[in-house]
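Got a structure for you, questions after.
In the text below, chain A, chain B and the rest are named by the order of the sequence lines, each starting its count at 1.
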There are 4 protein chains.
Amino acid sequence: MVNGRLPSMTERRLQLEDMAAEPSGGPGGRGASTRDNLIRAAVRLASGQGIDGVSVRSIAREAGVTEGALYKHFSSKDQLWRDVYGVIVGEMIEEKQGILDSGLSTREAIAEWVRLTYAHYDGNREAFTYVLLLPHPFAEAIGEEYHAQGRLFERLIRRGQRNGEVDGSIRAALARTLFVGLLLSVPSQINEGGLKGPASSYAEDVTHAIVRALGVA
Amino acid sequence: MVNGRLPSMTERRLQLEDMAAEPSGGPGGRGASTRDNLIRAAVRLASGQGIDGVSVRSIAREAGVTEGALYKHFSSKDQLWRDVYGVIVGEMIEEKQGILDSGLSTREAIAEWVRLTYAHYDGNREAFTYVLLLPHPFAEAIGEEYHAQGRLFERLIRRGQRNGEVDGSIRAALARTLFVGLLLSVPSQINEGGLKGPASSYAEDVTHAIVRALGVA
Amino acid sequence: MVNGRLPSMTERRLQLEDMAAEPSGGPGGRGASTRDNLIRAAVRLASGQGIDGVSVRSIAREAGVTEGALYKHFSSKDQLWRDVYGVIVGEMIEEKQGILDSGLSTREAIAEWVRLTYAHYDGNREAFTYVLLLPHPFAEAIGEEYHAQGRLFERLIRRGQRNGEVDGSIRAALARTLFVGLLLSVPSQINEGGLKGPASSYAEDVTHAIVRALGVA
Amino acid sequence: MVNGRLPSMTERRLQLEDMAAEPSGGPGGRGASTRDNLIRAAVRLASGQGIDGVSVRSIAREAGVTEGALYKHFSSKDQLWRDVYGVIVGEMIEEKQGILDSGLSTREAIAEWVRLTYAHYDGNREAFTYVLLLPHPFAEAIGEEYHAQGRLFERLIRRGQRNGEVDGSIRAALARTLFVGLLLSVPSQINEGGLKGPASSYAEDVTHAIVRALGVA
DNA sequence: CATGAATGAGCATTCATTCAT
DNA sequence: AATGAATGAATGCTCATTCAT
């Protein structure tokens with residue numbers, strides 16, 4: 001059961017860049033707040049076992065605090081997952097928005113999109129896995145954010161079609177679908193052991209595949 | 001935690017074709033065995049909430065029997081999931097093997113593969129979702145079966161490369177990865193509400209995308 | 001919960017002498033009835049794990065039949081345990097009664113009692129363990145039979161005291177208590193690994209100890 | 001199935017002296033910790049029905065808390081039984097060690113041993129029954145502690161044999177076996193209703209019986 | 001802020017027993 | 001006589017959550 005609201009943009013500004021660097025079991029060094037430690041712990045565990053397999057107890061233990069403490073920072077377990085989601089996806093979206101706002105051609109924009117995405121994956125596999133490769137029980141509850149990246153890409157495609165850079169016969173929703181399928185196929189396979197990392201080494205190949213599949217000039 | 005063995009080929013011959021036809025809540029009509037009802041109930045629930053979210057209690061109730069009865073047919077919850085998996089994936093693999101054994105060209109084979117896959121999805125969305133779109137906690141335990149379809153496709157690609165039908169520069173593992181990404185993107189998006197309609201209506205488009213992405217003649 | 005009646009003398013005449021000879025897992029050879037197989041299986045399992053640890057399912061499986069079949073022969077699990085008890089204890093008591101009826105001196109009678117008891121243990125450790133070394137949840141329900149051997153010994157002691165063969169100052173109930181304690185200490189320790197078998201090799205030592213402890217001439 | 005470790009000497013220092021004084025059903029008075037209440041409840045129930053017959057549910061109810069609370073104090077039901085065992089047996093062993101360290105003659109030491117043992121039984125029948133009269137499913141897992149009292153007595157006997165106080169022909173293992181058999185026969189019979197308590201009233205008689213049975217000067 | 005004890009509902013599983021065949 | 005499917009209650013244990021300190 002997952003219900004409720006997402007954290008606002010202002011709430012979510014935590015330092016998650018070095019999430020993967022945090023050693024498991026220790027409550028973290030310099031300025032690591034308990035709240036951040038809990039988020040990091042949750043993502044770490046979820047990326048390994050799936051969201052459903054992670055208990056409040058295990059998150060608290062991994063963060064080095066008690067269960068009670070967790071409830072000082074998050075009103076419920078669901079809210080914790082949603083906060084975590086919002087924090088990570090927010091960063092991703094801002095990057096993608098930057099691509100659209102730049103003057104890049106559709107082809108160059110796609111290349112940049114893939115590069116950034118795979119850099120993200122290589123830099124923080126656990127957070128990436130959490131937000132993009134795991135099924136989210138609260139998918140509908142999220143709505144806006146959940147589909148934000150897809151909608152950004154649809155905008156890119158439609159602009160390309162208007163400019164004549166992209167095959168005009170393909171519908172934007174399908175283009176987005178195929179794009180996401182290709183984009184995530186590599187991280188997904190690396191996680192499952194079917195492909196050897198890093199993801200960045202496949203960026204060029206995947207860009208070509210997307211360009212060809214969507215008929216980009 | 002999920003461990004153990006998969007059902008053998010001979011054990012798994014149940015009639016699951018009309019799995020989706022079973023009305024929820026009723027113990028099923030004419031010759032529906034309790035075991036089959038349990039399998040159907042399990043798939044139905046898992047496809048809706050994910051595997052982890054389904055309790056033995058809910059499966060039994062959905063099948064119209066008690067929990068004790070379930071354990072007469074499956075030695076554990078894990079074994080139930082694996083039996084279900086084996087039943088469904090077995091059918092799928094046999095179809096795909098048929099494609100390889102026929103004399104179709106690589107391009108025709110891909111078209112047929114997509115057609116069959118989407119027909120399967122449209123015919124039994126729940127079973128398809130269960131085996132192909134849900135993360136399986138027992139992925140490693142399955143091994144063989146789990147990657148069987150991917151390996152079949154790799155064989156198809158390599159044969160095509162030898163024949164000169166497929167771009168020789170792409171590695172088979174990557175080709176398989178991109179293929180699976182494109183193939184499953186449509187059912188996945190339909191489930192998530194981002195795409196409408198029967199998957200079959202996208203078969204041609206997806207086939208084209210695959211052919212172009214992989215450089216098939 | 002253990003309630004009900006003991007089997008009558010006529011019901012209990014089964015051949016249990018070769019109980020230990022029955023190979024586990026097989027439904028038994030020549031004339032082994034299902035009922036006998038069930039009793040043997042029950043004793044075998046109880047002597048290894050204690051009565052409480054034995055399930056109806058395990059008894060049936062060990063006897064090579066289904067659980068339903070067990071209920072054709074015994075009205076309940078409790079009744080099974082009581083029937084088993086009656087069968088074994090009946091044999092033991094008849095032997096001891098024979099000692100009293102013979103013309104042996106108290107000292108010789110004790111020696112014979114110990115010899116017979118330890119022969120019984122060595123010949124069928126499982127049955128002996130079941131009736132004499134395991135706590136019986138239905139002890140009170142048995143009443144008569146449960147204390148029959150003790151009462152026989154009390155009679156022996158009182159007769160000895162009348163004859164002047166036994167120290168007259170010791171009360172019969174205490175004499176019986178000490179006697180049983182000494183008699184069973186050896187089989188009990190062998191079962192627990194504190195003493196090496198066979199019990200018969202200790203018969204003489206234990207006889208001496210009893211004789212001295214009770215002040216028998 | 002019972003596995004795991006025993007509590008260390010330092011862990012086990014609870015006040016169990018007045019274990020029997022705790023009224024059933026009430027959560028206990030002044031400073032009774034939940035953990036102590038649970039231990040007392042467990043012993044109380046086990047001494048009445050045997051260890052196997054006691055459920056976690058019943059222990060929690062008897063202690064006046066929920067099952068969940070029990071698991072805050074004991075990692076499993078098995079560990080609870082072992083903790084309880086360690087607490088009680090630890091006290092008993094220290095007393096017996098004291099006897100060996102004193103300068104008493106073998107005969108006086110035995111008399112003291114019996115006196116202490118029966119005082120223990122009379123003072124806390126339930127705890128005594130739990131540790132000494134009930135079969136322990138985890139007997140092997142305990143090892144050290146389980147046989148500690150027996151080994152202490154063997155030391156006493158061997159010293160007596162060296163001093164010429166004890167019949168040199170009897171082997172120490174057998175002496176220990178007979179001693180334990182005689183010592184426990186009285187509490188055991190009192191529990192079964194064959195003898196009227198208190199056990200202390202039999203201390204002298206049993207001491208004499210032991211002395212005579214083992215040929216102590 | 002954080003703890004640690006406690007709750008009560010839920011979990012997967014096993015139990016003794018019944019009954020139509 | 002025996003089977004095998006089914007029941008319903010009970011098992012040991014984990015869960016998310018609360019709250020006095």
Task: Rounded distance (Å) that lies between atom P of F/dT11 and atom CG of D/Leu80 - done: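 Taking CG of D/Leu80 and P of F/dT11, I get 15 Å after rounding.
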Task: C/Arg82 CZ to C/Leu80 CG distance, which is reported to the nearest 0.5 Å - done: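 The distance works out to 10.0 Å.
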Task: Distance (rounded to the nearest 0.5 Å) between C/Glu62 CD and C/Ser55 OG - done: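 Spacing of CD (C/Glu62) from OG (C/Ser55) equals 11.0 Å.
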Open item on the list: Working to the nearest 0.5 angstrom, can you tell me the gap between D/Leu70 CG and D/Asn37 CG?
Closed with: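 Reported to 0.5 Å precision, the distance equals 11.5 Å.
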Open item on the list: Can you confirm if the aromatic rings of A/Phe74 and A/Trp81 lie within a centre distance of less than 6.0 Å?
Closed with: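 A/Trp81 vs A/Phe74: aromatic centres not under 6.0 Å.
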Open item on the list: If I take atom CG in residue D/Leu70 and atom P in nucleotide F/dT11, what distance separates them, rounded to the nearest angstrom?
Closed with: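 Result: 14 Å.
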- [ ] Go along nucleotides 12-21 of chain E 5' to 3' and tag each nucleotide: B for a protein heavy atom under 4.0 Å from its base, S when only backbone or sugar atoms are that close, - otherwise.
- [x] BBBSSBB---
Open item on the list: Please determine whether a side-chain nitrogen or oxygen atom of C/His73 lies at a distance below 4.0 Å from atom OP1 or OP2 of F/dA2.
Closed with: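 Result: yes.
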Task: Rounded distance [0.5 Å steps], CG in A/Leu38 versus NE2 in A/His73 - done: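 So the CG of A/Leu38 and the NE2 of A/His73 are separated by 6.0 Å.
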Open item on the list: In the structure I gave you, are the side-chain heavy atoms of C/Tyr130 and C/Arg44 within less than 4.5 Å of one another anywhere?
Closed with: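 With C-beta onward as the side chain, the pair stays apart.
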Open item on the list: Is the shortest side-chain heavy-atom distance between A/Arg35 and A/Asp83 below 4.5 Å?
Closed with: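 The answer is yes, as the side chains (C-beta and beyond) meet within the 4.5 Å cut-off.
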Open item on the list: What does the 5'-to-3' dot-bracket notation of DNA chain F look like when only Watson-Crick and G-U wobble pairs under 3.5 Å count, and pairs to other strands show as |?
Closed with: .||||||||||||||||||||
Open item on the list: Without decimals, in angstroms, what is the distance between A/Ile59 CD1 and E/dA2 C1'?
Closed with: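 A/Ile59 atom CD1 is separated from E/dA2 atom C1' by 17 Å.
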- [ ] Rounded off to whole Å, could you give me the CZ-to-P distance for the D/Arg61 and E/dG8 pair?
- [x]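 Spelled out: CZ on D/Arg61 to P on E/dG8 is 14 Å.
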- [ ] Output the distance between atom CG (A/Leu134) and atom OG (A/Ser47), rounded to the nearest 0.5 Å.
- [x]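 It comes to 8.0 Å.
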- [ ] Assign each of C/Thr34 and B/Val65 to its nearest nucleotide of DNA chain F by heavy atoms, then name whichever residue's nucleotide is nearer the 5' end.
- [x]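 Its nucleotide being nearer the 5' end, the pick is C/Thr34.
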- [ ] Round to the nearest Å and state the distance from A/Gln79 atom CD to F/dA16 atom P.
- [x]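 These atoms are roughly 16 Å apart.
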Task: For atom CG of D/Asn37 and atom C1' of E/dA6, their distance in whole Å - done: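 Those two atoms, CG and C1', are 14 Å apart.
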Task: Nearest heavy-atom neighbours spanning B/Lys72 and C/Arg57 - done: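 Minimum heavy-atom separation between B/Lys72 and C/Arg57: NZ-NH2, 3.9 Å.
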Open item on the list: Tell me the interatomic distance from A/Leu38, atom CG, to E/dC1, atom P, rounded to whole angstroms.
Closed with: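 Spelled out: CG on A/Leu38 to P on E/dC1 is 12 Å.
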